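Take a look at the structure below.
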Amino acid sequence: MTPTQPPCQIIPVLDIMGGRVVRAIGGRRGEYRPLTSPLTTSTDPEYVAVAMASATSSFTVYVADLDAIIFGRPSSTVQEMELGCISWIKDVGIRSVADAERLDQWTTAVVGTETVDGPGTVEELVRRRGPQGVVLSVDLNGSRLLGNWRAWGVPDDSAAGQLVDVACGLGVRAVIVLDLAHVGEGSGPGTEATIEGIHRRHPELGIAAGGGVRGWDDVRRLKEAGASAVLVSSAIHDGTIGHYPPA
């Protein structure tokens, strides 16, 4: 039987705290513990990255530097990660333009609404790195925008779609819709309606979905909503998502 191709791109996720990979649960960062996984006995980020990439045949890996995102203390481990076989997408807690200098030009910079000071920084980073070198992460907690959403001129913290409208006007060409409340909870992503609304308004926009993906059925639903990529962590370690979905 010929394997069924994945409905959209699978991007493995590494959450790094204290220089080690941790298992994220519902955005409750005080509960994050060192990773345990049948894929590897190591919590070293590069070892885990290779194991997850090999398990999925996906050699683009997303890395979240939790020390930088939470405490504003960037991790040298994250900055120094470099493997010739992997393309990196890194969230290093960018608040201002200067923070992006932690990343080389070959790394895709994630600018999260949870941390960034406002749309001016996003616009300048798109100008400096090019639209292919920046992705805006629309960070949610229970469908509510995190961070300084008022700086974007949107009416309230439920206006994710309007925030993306502003971002597209600044040259953003790719976004991640990430609901931290669903991360590692096994409850499903919960972002389908938000993604569908964004895709309807901006069909040309690359949209990745993150948080709560349990298996291939969730991936298919996100694809139907308009996502072209899905960020996955727990389901890879649990063996639910691997190289190919069932036929």
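What you see is a predicted model, and the numbers here were worked out from it, not measured in a lab. The first residue in the sequence is number 1, and the count goes up from there. The analysis underlying the following values was restricted to heavy atoms, covering all of them including side chains, and did not include hydrogens, waters or symmetry mates.
Across Ala209 and Ala227, no two heavy atoms sit closer than the pair CB-CB, 4.3 Å. Shown here for Leu205 and Ala174, the closest heavy-atom pair between the two residues is CD1-N, 3.6 Å. Nearest approach of Arg220 to Pro7, heavy atoms of both residues: CG-CG, 3.9 Å. Looking at every heavy atom in both residues, Ile207 comes nearest to Val177 through CG2-CG2, 4.2 Å. Residue Val138 comes nearest to Leu145 through the heavy atom pair CG1-CD2, 3.7 Å, listed as atom of the first residue, atom of the second, then distance. The two atoms that bring Val92 and Asp99 nearest to each other are CG2-O, 4.3 Å, heavy atoms only.
Among residues two or more places apart in sequence or in another chain, the side-chain hydrogen bond (donor to acceptor under 3.5 Å, both in side chains) test is passed with Asp15 by none. When the side-chain hydrogen bond (donor to acceptor under 3.5 Å, both in side chains) test is applied to Ser37, the partners found at least two apart in sequence or on another chain are His237. For Arg214, the salt bridge (Lys or Arg N to Asp or Glu O under 4.0 Å) test picks out Asp218, with sequence neighbours left out.
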Taking distance alone, no hydrogens or angles, what donor-acceptor pairs closer than 3.5 Å link side-chain atoms of residues 157-172 to residues at least two apart or in another chain?
| from | atom 1 | to | atom 2 | distance (Å) |
| --- | --- | --- | --- | --- |
| Asp157 | OD1 | Arg144 | NH1 | 3.1 |
| Ser158 | OG | Asp156 | OD1 | 2.5 |
| Asp165 | OD1 | Arg201 | NE | 3.2 |
| Asp165 | OD1 | His202 | NE2 | 2.7 |
| Asp165 | OD2 | Arg201 | NE | 3.4 |
| Asp165 | OD2 | Arg201 | NH2 | 2.2 |

Donor-acceptor pairs under 3.5 Å, side chain of residues 45-55 to any protein atom, not counting sequence neighbours: which ones?
| from | atom 1 | to | atom 2 | distance (Å) |
| --- | --- | --- | --- | --- |
| Glu46 | OE2 | Glu82 | N | 3.2 |
| Ser54 | OG | Val50 | O | 2.8 |

List, one per line, each side-chain donor-acceptor pair under 3.5 Å for residues 121-130, sequence neighbours excluded.
| from | atom 1 | to | atom 2 | distance (Å) |
| --- | --- | --- | --- | --- |
| Thr121 | OG1 | Asp117 | OD1 | 2.5 |
| Thr121 | OG1 | Asp117 | OD2 | 3.4 |
| Glu124 | OE1 | Arg127 | NE | 3.1 |
| Glu124 | OE2 | Arg127 | NE | 3.4 |
| Glu124 | OE2 | Arg127 | NH2 | 2.6 |
| Glu124 | OE2 | Arg128 | NE | 2.8 |
| Arg129 | NH2 | Asp104 | O | 2.7 |
| Arg129 | NH2 | Thr107 | O | 2.8 |

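Side-chain N/O atoms of Asp139 and Ser137 include a donor and acceptor closer than 3.5 Å.
Under a 3.5 Å cut-off, the side chain of Lys90 and the backbone N or O of Met81 do form a donor-acceptor pair. For Asp67 (side chain) and Pro74 (main-chain N/O), no donor-acceptor pair under 3.5 Å exists by modelled atom type. His182 places a side-chain N or O within donor-acceptor distance of the main-chain N or O of Gly188, the cut-off being under 3.5 Å.
Here CD1 of Ile11 is found 13.0 Å from OG of Ser233. Values are rounded to the nearest 0.5 Å.
Hydrophobic clustering keeps Leu103 apart from Trp106 (ILVMFWY residues linked when any side-chain heavy atoms are closer than 4.5 Å, directly or through intermediates).
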Next item on the list: List the steps and the verdict of salt bridge (Lys or Arg N to Asp or Glu O under 4.0 Å) for Arg23 and Asp238.
Entry: CA-CA 12 Å; Arg23 193 79 175 254; Asp238 296 343; 3.0 Å; yes
